[in-house]
Structures are given as structure tokens and as C-alpha cells.
Undergrad: 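Structure incoming, see below.
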Amino acid sequence: MPSLNDYLILSAVLFTIGTAGVFVRRNLITILLSIEIMLNAVNLSFVAFGRAFGTVEGQIIVFFVMTVAAAEAAVGLAIVIALFRHRESLNPDAFTALKW
Amino acid sequence: MFSVISNNSFVIAQVGIAAVVWFLLQISAAVMVYFERKVCAWLQQRVGPNRVGKAGLLQPIADVVKLLFKEELRPAAADPLLFALAPIISATAAFAAFAVVPFGGSTTLFGLLSEPLPLHVADVNVAVLVVFAITSMGVYGIVLAGWSSNSKYSLLGALRSSAQMISYELSYGMALAAVLVLANSMSLREIVNAQSGSLLGIPQFRWFVFLNPLGFLIFFIAGIAETNRAPFDFPEAEQELVAGYHTEYSSMSFGMFFLAEYINMVTVSAVTTDLFLGGWWFPGVPESLGWLVFLFKISVLLFFYLWMRWSLPRYRYDQLMSFGWKVMLPASVLNVIATAAAVLYFGL
Amino acid sequence: MLFYFFGALAVIASLLVIAQRNPVYSVLLLITSFGALSGLYVLLDAPFAAAIQIIVYAGAIMVLFLFVVMLLNTPHEDTDADEKTHPMLRPGPMRFGAAMAVALLGELAWALSRSGPTSTFSNTPVTSLSAIGYTLFTDYAFQFEVTSVLILVAMVGAVLMARREDQPGEKR
């Protein structure tokens, strides 16, 4: 049987993959997907903690994280569509008009 | 692990049930194809298929043979992996959803088994959520088929499908929530058994369709939209999009989409029966004959599907969206609130 | 061992998500990863979390992503210069970011190796949905309401932003 530590390590690995994705990739969609990976890594540790302490709070926080993720995805994708209409590109380096 | 298998006959019967369900689902698709043509013909005052076998009864077999021997084509610009994967996803999701749907009480197979065998493939205590999750996976088959074909018509069909599915899943889920409030359980078997009480003095008649008629209506309409049937068959609207998401498919990969569509109809009808129409309960019919009642109820619902398809014209796409978001969703939310209030007040 | 199977599946799928050039494949691999996570939730005696993981994440949010990817239909949106160089060899912030991610992994591994119980779970699991629902609508009722407002705001914001501005006097 895996212990709490095993779940936390897995969660840490997933979170790192998400972080790396945000930094390495130059594509707005993939960056948003990487953020979802990070959120899910956090969810996994919440559920694992909830299981370890025998409380329902772990799953309740997962519920909240998912609603926030849904809101984030909706707004993020709307921004992506709006940006794509302006520049015909999904590369974040193309959107530097406000950079001085 | 082996202690489970020691109860030999029970395990064999359980595996047998899974095999029988799988087989029956395929047969049901063939039967549905036949009746789709027949009902269509009757509604249009024609005779329908009548050449292959008596009264055209062998027509579905002829259809399958034709599909199997057709050439399998793939557009040169298609994405090979996803193009092959899409029909498999569709068919798998359609079959898998039925796994947690109970379709009768329990049976001893006329005394062959020592203990009664409940009629379902698997009983999960969150069965409702599992059905919901698996059917929500089915959309990927359609979306990927549309995208990987690299064809304008297919892509439009896929885009329509994804938007339609998301929109109608909301009211679908809300209608479900009202039933969960009434039954106080998420297991489909317990929900069915919660409907075995008496209503107005009639035993085994406490069906949720009477307690929650609006929920039934919403669930049924959303179910039609989820299975992409007319009048909501936008992903494959033949007058506008050739054949929609499966324009580029031929032979058996097309057959799999076809199969998935009919099995989805059967699954949605079975779930509707379990949730609203009292499952295998009917006044005066003993539980041992429940599966016949269940079959009858499903058949009535399926006939309704065919009837609607050949009677109603297709909506316009913007009408579909505004109907889903401005009528169905508010109505389903009100339904949940009203049901919850009634349960609290009357203690149903 | 199911834990290692699902864990490996989640990690490999997530790695491939950020390694894919084609966003459609990225989305599909992320769905695979979510499926693996859902399996892990089942192992953690959290069937509710597992079910909503599939329904909400894989069934709704990812369909939204796929919808946008298909709508924009740009399989290769990296610039030409980026296409030719390996991700790790690219200039400036990217290389720095990759290094930072590795450093973060090291840090987390270090922190986890120093503490935490290594025994298996001893508590009895809370699997009943009514317990979750009861806590959600009593102790966390305020947070629940705030979340609903958040969703509403996000919805209005998304509709406003994704709408074309050059259509004055739209027909209602």
C-alpha cells in the first residue's frame, strides 16, 4: 500500500511538470493546459491529505478548485480567442505591445 | 482473490450476464436499425424494407454484411491515429455506460443458482455519476472524428457537437439532481427500489415521473440532445453538413459510429426508465418478471425516439443554443429547487 | 500495483502534454492524465472526487479546450526559429524556467524526504456522499456561494471578451 508520502511525491512531480510546461512552452493553449496540470497536482495532495486525516475537507477543497479551474479555463480561453483575433498567433511573445 | 472464484456458479453467471448484455446491446442496435426504417416508412405511408427475409427482417444483417465488405477509406490529409481512434472511443463509451445500469430484480435462473443473481453487470454506489461520466466521454469520439478527418463538414459537425453536449449536459445533470433528492441515493438499484412504493393506492406505482414530471421532460429532451437524435441531430445534419462528423468515414468505422448512436439511445432509455419510470416495477407484475417490464418500457421510449425523428423538423442551431440555455437550464434549476422544497415540506 | 500504474500513467501523460507540438494531442494526453488521477482518487477512497474529476474536468473543461483548439485550428503556432531548436536550448526565460522547474522539483523532493509519515493510511475513509454534501452546505456554505458568484463573473467576462467588438447593433 502506498503511503501519504508516495502520493505527495507524485503530486510534487506533476506540479513540477506543470511549472516546466508554463516556462518552456510558447503556446498559450499549452500554457493553460500546464496550469491545469498544476491544479490537478494540488488536488491530488488535497485528496491524499483528506484520506490521511479521515476528513471530508480534502474532497470539498477539490470541488472548489475544480470550479475555480472551470472559471479560469473559460476566461483564459476567451482571452486566447480575443488575442488570436488581433495577432493571428498563439505565441505569447507576439503580444508585447504593452511592453516598454 | 481465489476465495471469490470458489463460488463458481455465481461468478460464471456474473460473467454470463456481462456477455449477454454485450450481445443484447449489439442485437438491439440491429433491431433499432430495422425499426428505424419501418417506423419511418409507416409514418410516410410506405411499406419499408420488405425484400430481405420475411417482412424485411433480415435487412439489418444485410446492412452489416454490406458495411463489412465495403472498402475502408481514409483521407490523405487525415490524422491517421486519431482517425482510427475516434470510432473506437465512441463505441467503447456507448457500451461501457450500460455496465452500471441495472435492468431487473434478481433471478436464480429457474433454480440453477443457489443464491439469487441481481440483474446488472456491476453495481456501483455512485452509479448515476458513473453513467454521467462515461456518457460525457462519448463526445470525444465525435469531436476527434470531426477534427482528424481534416474536412470542413466534419469539423463543423464536431464544433456543433461539443457546444451542444456541454450546453445540454447541464440541464441533464440538474434533472438528475432532482431525482437524487427524491430517492436519497446515487445507486441506480436503490433509486429504482425507491419507486416501488404505492401512489394513490396503486402499489408499485410511485414512479418519479409522477412526482417530478418536469424533471422527466427535461431529462428526456436533454437525453435526445446528448444522443444527437432529431430534432437535435446537428453534428450530422445531412442537409447542411453532408454527414457531419462521419462524412469521411466508410465501412466498419462508420458502422461503429452507427452502432454507438443506437446503443446510446438504448442506454439513455434504460437510464430514463430506471430514474423516472420505475425500472422493473409495474402494478401487479411480480419482480421476477421485472426484466420483461423493463424491456417493454425501454421499447416504448425507443419508439418515441423514432417517432420524433421522423415527425419533427430540425431546429436551427441558434434556436438549439437559446433553448438549451434560456429555457432548459432555468427550468431544470427551478425543478431542483421545487423538488427539494417539496421533499422538505411534505417529506416525500 | 495500481498506484504505480496510475502514477506512472499520470506522469508520462503530463510530460507528453508539454512535449507535444500539436495542441489537440496535448489536450487528449491531459485527458488521459486526468483519467489516471481519477483512478488514484478511487484508490484514495474518494469516489465522489473521482467522478467529478471525469465529469467536470474531462467531460466539460477539456471539451472547452478542444473546442477552442479546433476553432482556431492552428496545429503549429510556435515561431519558425523555435521550431528548429530543442526546448532546452532555447534562449532566455525558457531555459531559465526549465532550470527553475528542476530546482523546484529538487526542493520539493528534499522537503518530502525529510518529513511526513511513511506508514499507510490508518483512518477510516469518509466515502459517503451525504457527509460531503452536509459539510459543503453547512460549514462551507459561504464559500460555496462565493464560488457561484465567481462562476457568474467568469461567464459574463468570457462572453464579453470572446465577442467581436466590430458588430454594433447586433440583432437580438
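Because only heavy atoms are used, hydrogens play no part in the values below, and waters and symmetry mates are left out as well, while side chains stay in. Numbered from 1 within each chain, the chains take letters A, B, ... in sequence-line order. The structure presented is a predicted model; accordingly, all values stated were derived computationally and were not measured.
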Undergrad: Tell me the residues of residues 148-157 of chain C whose non-hydrogen atoms fall below 4.5 Å from those of chain A, in number order.
TA: Leu150(C), Ile151(C), Ala154(C)
Undergrad: With a 4.5 Å heavy-atom cut-off, do Met62(C) and Leu33(A) have their side chains touching?
TA: yes
Undergrad: Could you tell me which portion of Leu15(C) (side chain, backbone, both or neither) has an atom closer than 4.5 angstrom to a non-hydrogen atom of chain A?
TA: both
Undergrad: I'd like to check Phe6(C) versus Leu10(A) (side-chain heavy atoms, cut-off strictly below 4.5 Å). Are they in contact?
TA: no
Undergrad: Side chain from CB out, backbone as N, CA, C, O: work out which of these in Val22(A) comes under 4.5 Å of a heavy atom of chain C, or both, or neither.
TA: neither
Undergrad: Sort Tyr57(C) into side chain, backbone, both or neither according to what part of it lies under 4.5 angstrom from a heavy atom of chain A.
TA: side chain
Undergrad: Count the heavy-atom pairs under 4.5 Å between each of Phe67(C), Tyr4(C), Tyr134(C), Tyr41(C) and chain A, then report the option with the highest count.
TA: Tyr41(C)
Undergrad: Sorted by first residue and then second, give each side-chain hydrogen bond (donor to acceptor under 3.5 Å, both in side chains) pair with at least one member in residues 24-33 of chain C; sequence neighbours left out.
TA: Asp79(B)-Tyr25(C), Ser14(C)-Ser33(C)
Undergrad: Indicate yes or no: at least one non-hydrogen side-chain atom of Phe63(A) is less than 4.5 angstrom from one of Ile132(C).
TA: no
Undergrad: Look at Leu2(C), Val27(C), Ile61(C) and state which one has the largest set of heavy-atom pairs under 4.5 Å with chain A.
TA: Ile61(C)
Undergrad: Which answer fits Thr147(C), side chain, backbone, both or neither, if we ask what part of it has an atom under 4.5 Å from a heavy atom of chain A?
TA: side chain
Undergrad: Can you tell which part of Leu14(A) gets under 4.5 Å to a heavy atom of chain C, answering side chain, backbone, both or neither?
TA: side chain
Undergrad: What's the shortest heavy-atom distance between Leu30(C) and Glu36(A), and which atoms?
TA: CD2-CB, 4.1 Å
Undergrad: Can you find a heavy atom in the side chain of Asn43(A) that is under 4.5 Å from one in the side chain of Leu37(C)?
TA: no
Undergrad: Using heavy-atom distances under 4.5 Å, tell me whether Leu44(A) contacts chain C through its side chain, its backbone, both, or neither.
TA: both
Undergrad: Of the backbone (N, CA, C, O) and the side chain (C-beta and beyond), which part of Ala69(A) lies under 4.5 Å from a heavy atom of chain C, both, or neither?
TA: both
Undergrad: So what's closer than 4.5 Å to chain A heavy atoms on Val17(C): side chain, backbone, both or neither?
TA: both
